[in-house]
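In what follows, every heavy atom counts, from backbone to side chain, and hydrogens, waters and symmetry copies are set aside.
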Amino acid sequence: MGRYVLRRLLQLIPVFIGTTFLIYWLVWSLPGDPFSGKCGDRPCPDSYIAFMTEKFNLDDPLIVQYGKYMADLLTGDFGETFRGTSVGELIGEAYPNTIRLALVALAIEAVIGLGAGILTGLRGRGFLDNVVLVSTLFLISLPVFVTGFVLQIVLGFELGWIKTTVTASPAPWGQLIVPGFVLGSLSMAYVTRLTRTSIAENKRADFVRTAVAKGLPQRRVVGVHLLRNSAIPVITFLGTDLGALMGGAIVTEGIFNIKGIGNLVYRGILGKDGLIVTGVVTLLVMVYLLSNLLVDLLYAVLDPRIRYD
């Protein structure tokens with residue numbers, strides 16, 4: 001196992017370099033003047049442009065710029081914005097809110113999605129199965145911003161059960177339940193359907209019939225043999241979905257005024273501040289890569305037939 005983990009970590013290095021270079025190239029190759037609007041309504045003085053061009057290495061070839069950026073990144077330096085603010089400090093202020101929101105969304109989609117999927121998968125076709133299928137199809141059909149606005153209006157403005165905006169930082173866990181549900185609603189529907197289908201297929205598998213024929217208790221057949229094998233595709237989805245939740249939080253954070261990295265990226269795009277966008281997306285790439293590694297390691301825990309050498 002140790003050799004496999006080391007090999008996978010080494011494999012992540014070229015993937016990380018390739019993806020971050022692509023991101024850097026896309027962000028810094030966008031057309032337009034990077035100093036537009038930085039000096040108000042007037043054009044920026046030539047002295048200011050020359051100073052900022054030298055400070056951010058804008059005259060260097062792109063590969064040289066990227067090399068200098070990565071050298072600073074290895075020391076934990078994400079650079080500075082055009083206004084002189086540390087990108088690392090901005091990420092440090094915003095990232096905890098997004099992590100909390102993503103964890104709440106992941107917990108909601110795991111608990112509700114797995115629960116509904118297991119229940120309908122074990123019971124088979126019937127009224128409850130039809131209700132779950134229609135409900136998940138309804139959630140899949142609704143865009144996230146529609147779900148967010150509807151819940152905000154009904155639960156916040158009409159019923160007064162929740163606060164319509166999250167103003168505190170770090171965001172209180174209780175105030176993130178509804179935004180977390182909004183963020184995870186689409187994935188929750190997919191988890192429900194994926195779990196239901198996986199269990200329905202594995203119920204007819206040979207290993208389940210063998211366990212029943214051996215006279216094992218129903219609880220052991222379901223809990224040890226059926227659920228553990230059915231959980232593999234679901235765990236794969238949930239593991240990779242953590243990064244997607246963080247990256248896709250920009251709409252939910254905007255609706256509920258959560259000061260997270262989605263809000264930070266949005267401000268960086270509007271202000272044409274490439275280092276903010278590059279720094280946040282680089283961090284998300286790291287989350288994606290590490291979550292995929294964790295999912296691969298969980299396979300061996302769920303299925304004893306899988307062994308890594």
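Nearest approach of Ile199 to Gly117, heavy atoms of both residues: CD1-O, 4.2 Å. The nearest pair of heavy atoms linking Leu275 to Phe78 is CD2-O, 4.3 Å. Closest approach of Ala105 to Gly184, counting heavy atoms only: CB-N, 3.9 Å. Of all the heavy atoms in Thr278 and Ile23, the pair that sits closest is CA-CG2, 4.5 Å. Nearest approach of Phe145 to Val251, heavy atoms of both residues: CB-CG1, 3.7 Å. Considering every non-hydrogen atom in both Leu90 and Ile276, the closest pair reads CD1-CD1, 4.1 Å.
Annotation: the span from Tyr24 atom OH to Gln65 atom CD amounts to 4.5 Å, rounded to 0.5 Å. Between Ile63 atom CD1 and Phe21 atom CZ the span is 4.5 Å, to the nearest 0.5 Å. Taking CG of Leu176 as the reference point, atom CZ of Phe181 lies at 15.0 Å (rounded to 0.5 Å). For the atom pair CG of Leu284 and OG1 of Thr19, the computed distance is 11.0 Å after rounding to the nearest 0.5 Å. A distance of 12.5 Å separates CG of Leu137 from OG1 of Thr192, quoted to the nearest 0.5 Å. Here the CD1-CG distance, from Ile258 to Asn97, works out to 7.5 Å after rounding to the nearest 0.5 Å.
At a threshold of 4.5 Å between side-chain heavy atoms, the hydrophobic network of Ile, Leu, Val, Met, Phe, Trp and Tyr places Val132 and Ile118 in two separate groups. Hydrophobic clustering of Ile, Leu, Val, Met, Phe, Trp and Tyr side chains at less than 4.5 Å, counting indirect connections, keeps Val134 apart from Leu119. No chain of hydrophobic side-chain contacts below 4.5 Å, direct or via other Ile, Leu, Val, Met, Phe, Trp or Tyr residues, connects Ile112 to Leu128. Hydrophobic clustering places Val150 together with Leu159 (ILVMFWY residues linked when any side-chain heavy atoms are closer than 4.5 Å, directly or through intermediates). One hydrophobic cluster, built from ILVMFWY side chains closer than 4.5 Å, holds both Val281 and Tyr266.
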* Check the pair Met70, Phe16 against side chain to side chain contact (heavy atoms under 4.5 Å, CB included), reporting the backbone distance first and the verdict last. => CA-CA 11 Å; Met70 289 302 295; Phe16 177 76; 3.5 Å; yes
* Leu139 vs Leu186, side chain to side chain contact (heavy atoms under 4.5 Å, CB included): CA-CA, chis, key distance, verdict -> CA-CA 6 Å; Leu139 287 176; Leu186 181 61; over 6 Å; no
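No donor-acceptor distance shorter than 3.5 angstrom exists from the side chain of Thr197 to the backbone of Leu194, with no hydrogens or angles considered. Remark: side-chain polar atoms of Glu109 are not paired, donor with acceptor, to backbone N or O of Ser185 under 3.5 angstrom. A side-chain donor-acceptor contact under 3.5 Å links Thr75 to the backbone of Asp72. For Glu158 (side chain) and Ile153 (main-chain N/O), no donor-acceptor pair under 3.5 Å exists by modelled atom type. No donor-acceptor distance shorter than 3.5 angstrom exists from the side chain of Thr195 to the backbone of Leu114, with no hydrogens or angles considered.
Within the 4.5 Å cutoff, side-chain heavy atoms of Val191 are placed close to those of Val234. Here the side chains of Trp173 and Leu101 are not in contact, with every heavy-atom distance at 4.5 Å or above. Residues Thr20 and Tyr66 meet the side-chain proximity criterion, which asks for heavy atoms closer than 4.5 Å. Two residues are said to be in side-chain contact when any heavy atoms from C-beta on lie closer than 4.5 Å; Leu289 and Met286 fail this criterion. Within the 4.5 Å cutoff, no side-chain heavy atoms of Trp161 are placed close to those of Val154. Arg196 has its side chain within reach of Leu133: a pair of non-hydrogen atoms, C-beta onward, lies under 4.5 Å apart. The closest side-chain heavy-atom distance from Phe256 to Val178 is below 4.5 Å.
Residues satisfying the side-chain hydrogen bond (donor to acceptor under 3.5 Å, both in side chains) test with Lys259, not counting sequence neighbours, are Asn257.
Between the side chains of Thr85 and Glu80, no donor-acceptor pair is found at a separation under 3.5 Å. Between the side chains of Thr136 and Arg193, at least one donor-acceptor pair of N or O atoms lies under 3.5 Å.
Environment of CZ in Phe237: crowded, with over 12 heavy atoms of neighbouring residues, nucleotides or ligands closer than 6.0 Å.
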